[in-house]
Amino acid sequence: MSEEKQSASMPTTYDPKAAEQKWYSYWVEGGYFEAGKRPDAKSYTIVIPPPNVTGMLHIGHALDFTLQDILIRTKRMQGYDTLWLPGTDHAGIATQTKVEQKLREEGLSRYDLGREKFLEKVWEWKDLYAGTIRSQWSKMGLSLDYSRERFTLDEGLSKAVREVFVSLYQKGLIYRGKKIINWDPAARTALSDIEVEYKEMQGKLYHLEYPLKDGSGKITVATTRPETMLGDTAVAVHPEDERYKHLIGKMLVLPVTGREIPVIADEYVEKDFGSGAVKITPAHDPNDFEVGTRHQLPQIIVMDETGTMNDEAGPYKGLDRMDCRKQLVKDLQEQGVCVNIEEHVHQVGHSERSGAVVEPYLSTQWFVAMKPLAEKAIEIQKSGNGVRFVPDRFEKIYLNWIENVRDWCISRQLWWGHRIPAWYCEACGELHVAHDAVEACSKCGSTNLRQDEDVLDTWFSSGLWPFSTLGWPDDAADLQRYYPTSVLVTGYDIIYFWVARMIFTALEFTDKNPFADVLIHGLVRDANGQKMSKSLGNGVDPLEVIEKYGADAMRFMISTGSTPGQDLRFNWDKVEQARNFANKIWNASRFALMNLEGVTAEDIDLAVELGTADRWILHRLNETVREVTRLIDGYEFGETGRVLYNFIWDDLCDWYIEFAKLGLYGENEQTKRATQSVLAYVLDRTQRLIHPFMPFISEEIWQHLPHQGETITLAEWPVYDEALEASQSAKEMELLMDIIRAVRNIRAEVNVPMSKKIELLVKPSNEAVLAILTRNEEYISRFCGTSSLEISVAVTAPDKAMSAIVTGAELYLPLAGLIDISQEIIRLEKELKTLNSEVERVEKKLANEGFVAKAPAKVIEEERAKMQDYAEKRDKVLARISELRG
RNA sequence: GCUGGGAUAGCUCAACGGUAGAGCAAUUGCCUUACAAGCAAAAGGUUAUCGGUUCAAAUCCGAUUCUUAGCACCA
């Protein structure tokens, strides 16, 4: 291929769009992402944290998925039978809320449609968004096995859900009970504890006076929710409280309703807080519920499931709870009952999904008894046989939660979700829990059975995800082969919701940890460090990033931009930097391709005589292979990115490619062939190393390079070669680079551009160095821009010359007329000063007996070598100064 | 209140016991035949403060200040 033709086919600027589309369909059509094609290989499995089918993916998903793709692609190249299983979550409340919102715009509610019709609508929505999500996955370049895609409401997964429910019920770990739960009056459903978000709010503390029935006085109580007083069934005081001791057992008259309620004694009350008396509303407060149970108090529910006051509220019946509060307070003030209103900052629970203020509400719900499940999980985790958290501090967070977990309310009064597999006999009231619809009551024989209306908490099915997606409870082949999974990658925000639940359900039902490792990453924040949210409108759409800078740039930025477990600030500058990096790779490859005409994969031969730079870059590549492999294994993607960036940009592009030009443009055919081989080889391995991070551009380039195989996706991952490390090329190259840098410095300092040729005299410190320099004379000459070059241990310094001392050699640049000797002396003295302080530092260190006695030999040796080097340089600089002076 | 995270160059962040690094911004010189999305050079730091452990601390351990998140809250 001619140079012109090659250049024309590869423009100087990389255009991601064409390549991305082309290669993704190539990969999918080639079936390269499908698991099961390497029956003899070890398996490596990741199940995707299923995104909600509520809408589009955001940049946080992009981070989560990119990290997984990096792992999967690396392992695939390393020869594993990799499975990355995709899927989506039905996301009960979230999705139902969205669809209801849409209906509301049409003036309809879910009740207008009825359960069946409404669910049809939700399924339509689901299909629409699952499609959108799939298209976003493809744009991000994710190597998912689409043949195994799952949805939490799939038949298979639903079967798993029923199996778990029935089994837990039979073990007595699922029960139905009347308790105070968190009620979302907007979505009209119960919530679990963790679905409630507490927000600090400016509220009011209302002080109310309840008169004693016998007219002998009053008791003051305080509340932040005065409307609940309508459901008060007692006032509690501490049994030891002298102020109230005599009142215990007496009756109070509840204002408004006139209901009589007792003064009771309970240790729950703190004497020193507030008035020392607490109004007790068992049906609307979890603590009061406990107190009420202890004292067998009536439980009076004063509002309905929409938050509207009911019959028990008397004159306030029909009012919304917030309106009732206003009206009631006004009335109580007029009656002199509400004696004081204080400003009060407190935490108010809001529904995570609907945003409504959550009402503690007494109702009959289904619960999972968490204690036994948690105990098992804690024991295994603490015995060291649990899941490995990365970073490990998240293990503490997990344990802390599971050690304090309370029973899990799993029933939701929604329509979108897994219907609870429980049937009630209409005739005798018997409860039947079963996998399949119960036809006849086993107790009375009636066939009149009604299924429980409620559905299960979304997280109930998500908790089974690692094994339900692989075919559990059946003895499926995929379950055998790919379970337990290798690693779970997710954000720290759902450790409680999801990670913990997967662990204890997996332990209970599969007797195994669901994954060996759990990699926890941070959240993506905006440029100001703020959490991205819809309400703030500061979210970043991954598609926009891909559109502007390409998927590879986004992936690289997002995956390498942070340290494990730490939040990541999104900013466009960093994406631009990643884009520039991609472009750099592109241009390095363009250069190579222009100079590899006719070279095929078979021509690449590294066993020939190689130059210093060739051996050096192979050595650097080798080190990079080792580092990148180690770092990816340790999930240290930020560090991996830095290693790759430095290798490619600095070593490969800035140094090696420049050095390679000499061989490529030179007359010596053999040297040219050798250089071509090294260049092609290094570039090929570089594409492989960068491929997990930047799949598209690496494939595009790899396909242009001399290669074997259909796709880089299946190319072998490079392996560290111990044998290469024996070479001295690194030290040789360091010397050359030092000389070149020193000359460049001086040129810059005295304003002599590279285009202007100069004389250069190099005095090596010994014969060995002389040999190296002589061997690389061409390099030195080229990169120092010399008109004449003298390399000899016999070099005598010219009078009017700039000089530089590097490790192993002295350099002289006769620049008479361009420099002032007194300035040169000042410059050298400055250098002397730094060298002196270095020498002093190391000297002091080596003089320290403790250091010499206790530090590792390697460290001491390094310090000694430094000492020698610095001292040598210092002496030479010193000599040069006196020479110039004299 | 309890439990974590963070505090490092002007900005955004690295560095997991051995001389503190990068990108961006600002400075200087370059359209050098892969790349101006680039090349080259120089500059920028008492690693929040105070103690301790260690031959050696940004790193490990205390304390303090500021900041951030989660959990729990007394009406």
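Below, read A as the first sequence line, B as the second, and so on, with proteins coming before strands; counting in each chain starts at 1.
Ranking B:rA40, B:rA34, B:rG18 by closeness to the A:Ala855 side chain, first place goes to B:rG18. Among the nucleotides B:rC74, B:rC16, B:rA72, the one closest to the side chain of A:Glu636 is B:rC16. Here B:rU12 is the nucleotide among B:rA34, B:rU3, B:rU12 with the atom lying nearest to any side-chain atom of A:Asn571.
Residue A:Lys661 places at least one side-chain N or O closer than 4.0 Å to OP1 or OP2 of B:rA34. The side chain of A:Arg569 places an N or O atom within less than 4.0 Å of a non-bridging phosphate oxygen (OP1 or OP2) of B:rC13. Taking only side-chain nitrogens and oxygens, A:Asn287 comes nearer than 4.0 Å to OP1 or OP2 of B:rC74. For B:rC35, neither phosphate oxygen OP1 nor OP2 lies less than 4.0 angstrom from any side-chain nitrogen or oxygen of A:Lys584. Between A:Tyr496 and the phosphate of B:rU3, there is no side-chain N or O to OP1/OP2 separation shorter than 4.0 Å. The phosphate of B:rC35 has neither OP1 nor OP2 within less than 4.0 Å of any side-chain N or O from A:Thr13.
Straight-line distance from the CE atom of A:Met867 to the C1' atom of B:rU19: 14 Å, rounded to whole Å. The OH-C1' distance, from A:Tyr198 to B:rC71, rounds to 10 Å in whole Å. Atom CZ of A:Phe581 and atom C1' of B:rC24 are 17 Å apart (whole Å). As a whole-Å value, the separation of A:Trp649 CH2 from B:rC35 P is 14 Å. Across the protein-nucleic acid pair, A:Gln566 atom CD and B:rG4 atom P stand 15 Å apart, rounded to whole Å. Rounded to whole Å, the distance from CD on A:Glu195 to C1' on B:rC71 is 17 Å. With rounding to whole Å, A:Glu861 atom CD is found 18 Å from B:rU19 atom C1'. At whole-Å resolution of the value, CZ in A:Phe851 and P in B:rC55 are 12 Å apart.
Looking only at distances, a side-chain donor or acceptor of A:Arg747 sits under 3.5 Å from a matching main-chain atom of A:Cys784.
With respect to A:Lys204 and A:Glu343, a salt bridge is recorded, a charged nitrogen being found less than 4.0 Å from a carboxylate O. Under the 4.0 Å criterion applied to side-chain N and carboxylate O atoms, A:Lys858 and A:Glu861 are not assigned as salt-bridge partners.
The base of B:rU19 lies close enough to the side chain of A:Arg841 for a donor and an acceptor atom to sit less than 3.5 Å apart. Remark: the A:Arg579 side chain and the B:rA37 base include a donor-acceptor N/O pair separated by less than 3.5 Å.
Put simply, A:Phe273 rests on the base of B:rC74: the two rings are less than 5.5 Å apart at their centres and nearly parallel, under 30°.
When each of A:Thr224 and A:Phe591 is assigned the nucleotide of RNA chain B with its nearest heavy atom, A:Phe591 is the one assigned upstream, toward the 5' end.
Partner assigned to B:rG29 is B:rC39, using Watson-Crick or G-U wobble distances below 3.5 angstrom. Both distances falling under 3.5 Å, in either a Watson-Crick or a G-U wobble arrangement, occur for no nucleotide opposite B:rU8.
Nucleotides B:rU27 and B:rA63, compared at atom C1', are 43 Å apart to the nearest Å.
The aromatic rings of A:Trp572 and A:Phe570 lie perpendicular to each other, with more than 60° between the two planes, well past the 30° mark. Classified by interplanar angle (parallel below 30°, tilted 30° to 60°, perpendicular above 60°), the ring pair A:Phe591/A:Tyr665 is perpendicular. Ring planes of A:Phe693 and A:Phe556: perpendicular class, angle over 60° (limits at 30 and 60°).
Among the atoms of the strands shown, none is found under 4.0 Å from any heavy atom of A:Glu403. A:Tyr870 comes within 4.0 angstrom of a base, heavy atoms only.
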